[in-house]
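All figures in this text were calculated on a predicted structure; none of them were measured in a lab. In the text below, chain A, chain B and the rest are named by the order of the sequence lines, each starting its count at 1.
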Protein chains: 2
Amino acid sequence: MKVYKIPEATVMRLSVYSRFLHQLIDEGITTVSSGDIARGVGVSSAQVRKDLAYFGEFGTRGVGYRVDELYGHLMKILGLDQAWNIILVGAGKLGSALALYQGFAERGFHVSTVVDVDPKRIGTKLGDVEVEPISVLQERVKEKNIRVGVVTVPASAAQDVTDLLVEAGIKAILNFSPRVLKVPHRVILRNVDLSVNLEVLSFNLALNR
Amino acid sequence: MKVYKIPEATVMRLSVYSRFLHQLIDEGITTVSSGDIARGVGVSSAQVRKDLAYFGEFGTRGVGYRVDELYGHLMKILGLDQAWNIILVGAGKLGSALALYQGFAERGFHVSTVVDVDPKRIGTKLGDVEVEPISVLQERVKEKNIRVGVVTVPASAAQDVTDLLVEAGIKAILNFSPRVLKVPHRVILRNVDLSVNLEVLSFNLALNR
DNA sequence: GACTGTGAAGCCATTCACAGCT
DNA sequence: AGCTGTGAATGGCTTCACAGTC
């Protein structure tokens with residue numbers, strides 16, 4: 001893949017396109033145009049074509065794209081042609097919800113380990129995964145070849161567990177805690193900040209009052 | 001407020017700055033420079049100053065910003081000088097977790113109503129809020145002056161409950177379902193797509209293999 | 001000397017518009 | 001005629017760099 005720099009926004013849209021295509025497959029639709037996709041996900045058709053153009057030529061001029069074929073390409077591009085083991089740190093309300101979230105499993109993300117510090121939570125089951133003490137973190141990451149960690153601990157503990165994940169050799173972290181985390185450059189970090197999202201809404205609502 | 005167009009990225013950073021300032025207040029720090037903030041949240045100091053400049057001049061040249069003062073300005077700008085009632089639609093795993101999430105309450109977002117279609121969930125308590133049937137949605141929105149709705153239902157039900165929220169006069173929607181929702185222009189929509197976030201990570205990990 | 005506020009420059013993403021296929 | 005792929009134009013956000021202020 002000769003890839004210089006793909007905008008993150010493009011990657012996010014590819015993920016959305018791929019889910020839309022999945023819908024079309026379920027509906028038995030076999031061919032789709034960039035305009036159809038655009039209408040389906042709420043972007044412009046030029047945007048769809050540009051996004052795809054980063055990775056190759058997948059369509060046929062005058063016709064469009066074969067749905068199953070394009071879907072396969074997108075899944076490959078997104079790295080979803082393989083399953084990913086992930087470790088979840090923090091088995092509180094949010095952590096438990098994510099551990100049981102169907103949407104992850106559907107896309108090939110398998111929560112293979114859940115750890116927590118709270119003795120009351122250790123030993124409980126989330127689906128078929130048992131909550132383990134945080135001391136097993138390094139061992140599990142190694143033995144299960146886990147590359148992605150999800151942080152769902154309170155803000156005060158977030159940097160500490162992040163350091164543990166980094167030390168264990170994790171490659172990417174999805175952070176749900178409302179804290180700015182420091183990680184080495186080699187580790188990919190994404191933040192899903194629930195409050196920030198609500199605050200963007202309240203900002204916009206507050207604008208016109 | 002004479003505001004032309006504030007980049008969304010700016011609004012999101014303001015939210016992060018405000019939380020950082022809150023930390024500083026807890027630590028008893030009274031003055032801060034744009035460089036301090038920049039280091040604390042991982043952006044450039046020019047970025048911090050530009051973001052603030054959209055809204056006025058809050059600092060003193062040669063000195064910096066008064067922490068409590070700047071914090072107050074940011075909270076006002078973000079619309080957090082008032083409490084917001086929010087309605088949560090869908091009391092499944094994720095919905096329950098969000099209903100009980102402390103981070104919302106801390107920032108003045110009060111989950112005042114939770115509704116669901118599942119009879120088994122109706123009548124159960126999430127903290128001090130009782131899950132009610134979806135039929136009360138319109139009534140609750142009106143009587144409690146709710147302007148923000150949070151959608152945490154399965155993808156298949158997402159558009160239907162969104163239509164209900166829009167019809168009830170909701171002003172902004174935070175969507176956690178993996179579906180692209182259609183809303184009228186007057187309604188503000190934000191998506192928190194959990195799978196998309198993981199897929200951006202897997203994309204980046206898959207790049208170098 | 002230190003730090004803010006800001007015009008200008010640079011950079012990156014989106015949109016336009018059309019040539020090229022089918 | 002319809003739709004893709006793409007260079008060029010546009011628009012918008014970020015970084016630079018410095019004048020202004022304490």
Asker: Start at the 5' end of DNA chain C and walk down; is the nucleotide closest to A/Gly62 or to A/Arg13 reached first?
Answerer: A/Arg13
Asker: Could you check whether any side-chain heavy atom of B/Leu137 comes within less than 4.5 Å of a side-chain heavy atom of B/Val141, counting everything from C-beta outward?
Answerer: yes
Asker: I'd like to know if the side chain of B/Ser34 pairs up with that of B/Arg49 as donor and acceptor (distance under 3.5 Å, no hydrogens or angles considered).
Answerer: yes
Asker: Taking atom C1' of D/dT14 as reference, at what distance in whole Å does atom CD1 of B/Ile6 sit?
Answerer: 15 Å
Asker: What verdict does the salt bridge (charged side-chain N to carboxylate O under 4.0 Å, His left out) test give for A/Glu8 and A/Arg13, after you've listed the backbone C-alpha separation in whole Å, the side-chain angles of each residue and the deciding distance to 0.1 Å?
Answerer: CA-CA 9 Å; A/Glu8 180 170 296; A/Arg13 283 190 297 268; over 6 Å; no
Asker: Nearest of D/dG7, D/dG20, D/dG2 to any side-chain atom of A/Lys50?
Answerer: D/dG7
Asker: Once ring pair (Phe, Tyr, Trp, His ring centres under 6.0 Å) is applied, what residue pairs with a partner in residues 15-47 of chain A remain, sequence neighbours excluded?
Answerer: A/His22-A/Tyr71
Asker: Find the distance B/Gln47:CD to D/dC13:P and express it as a whole number of Å.
Answerer: 11 Å
Asker: Less than 3.5 Å apart, which donor and acceptor atoms pair up between the side chains of residues 176-183 of chain A and the rest of the protein, not counting sequence neighbours?
Answerer:
| unit_1 | atom_1 | unit_2 | atom_2 | d |
| --- | --- | --- | --- | --- |
| A/Ser177 | OG | A/Asn175 | OD1 | 2.9 |
| A/Arg179 | NE | B/Gln23 | OE1 | 3.3 |
| A/Lys182 | NZ | B/Arg39 | O | 2.8 |

Asker: Taking C-beta and beyond as the side chain, do A/Val148 and A/Phe109 meet within less than 4.5 Å on heavy atoms?
Answerer: no
Asker: What is the 5' to 3' range of DNA chain C, first to last nucleotide, that sits under 4.0 Å from any heavy atom of chain A?
Answerer: C/dA13 to C/dT22
Asker: Given atom CZ of A/Arg49 and atom P of D/dG5, what is their separation to the nearest angstrom?
Answerer: 8 Å
Asker: How far apart are the C-alpha atoms of B/Arg19 and A/Val196, what are their side-chain angles, what is the distance that settles it, and do they pass the side chain to side chain contact (heavy atoms under 4.5 Å, CB included) test?
Answerer: CA-CA 10 Å; B/Arg19 268 200 326 237; A/Val196 165; 4.1 Å; yes
Asker: Can you check whether A/Glu199 reaches B/Leu80 side chain to side chain, under 4.5 Å on heavy atoms?
Answerer: yes
Asker: Rounded to the nearest Å, what distance is computed from the CZ atom of residue B/Arg61 to the C1' atom of nucleotide D/dT21?
Answerer: 6 Å
Asker: Rounding to an integer number of Å, can you tell me how far A/Tyr54 OH sits from D/dT4 P?
Answerer: 18 Å
Asker: Between A/Ser44 and A/Val63, who's closer to the 5' end of DNA chain C by nearest nucleotide?
Answerer: A/Ser44
Asker: Look at the side-chain N and O atoms of A/Tyr65 and state whether any lies under 4.0 Å from the OP1 or OP2 oxygen of D/dG5.
Answerer: yes
Asker: For DNA chain D, which residues of residues 30-38 of chain A approach it to below 4.0 angstrom with any heavy atom?
Answerer: A/Ser33, A/Ser34
Asker: Verify side chain to side chain contact (heavy atoms under 4.5 Å, CB included) between B/Val11 and B/Leu78, making sure each step is shown before the conclusion.
Answerer: CA-CA 8 Å; B/Val11 179; B/Leu78 291 169; 4.1 Å; yes
Asker: Hey, does the side chain of A/Asn85 reach the backbone of A/Lys144 with a donor-acceptor pair shorter than 3.5 angstrom?
Answerer: yes
Asker: Could you write out DNA chain D as a dot-bracket string, with dots for unpaired bases, | for bases paired across to another strand, and Watson-Crick or G-U pairs counted at under 3.5 Å?
Answerer: ||||||||||||||||||||||
Asker: So which of A/Val153, A/Thr152, A/Asp116, A/Val117 actually passes side chain to side chain contact (heavy atoms under 4.5 Å, CB included) with A/Val89?
Answerer: A/Val153
Asker: Take atom CZ of A/Arg66 and atom P of D/dT4, then tell me their distance rounded to the nearest Å.
Answerer: 15 Å
Asker: In plain terms, say whether B/Glu143 and B/Arg140 are close enough for a salt bridge, that is, a side-chain N and a carboxylate O under 4.0 Å apart.
Answerer: yes
Asker: Go through it in stages, so that I can follow the logic: the residues are B/Val63 and B/Thr31, the test is side chain to side chain contact (heavy atoms under 4.5 Å, CB included), and I'd like the CA-CA distance, side-chain angles, deciding distance and then a yes or no.
Answerer: CA-CA 8 Å; B/Val63 180; B/Thr31 302; 4.3 Å; yes
Asker: Would you call A/Leu174 and A/Leu189 a side-chain contact if the rule is heavy atoms closer than 4.5 Å?
Answerer: no
Asker: Starting at atom CD of A/Glu57, determine the distance to atom C1' of D/dG7, rounded to an integer number of angstrom.
Answerer: 14 Å
Asker: Counting only heavy atoms and a strict 4.0 angstrom limit, can you tell me which residues of residues 14-25 of chain A come near DNA chain D?
Answerer: none
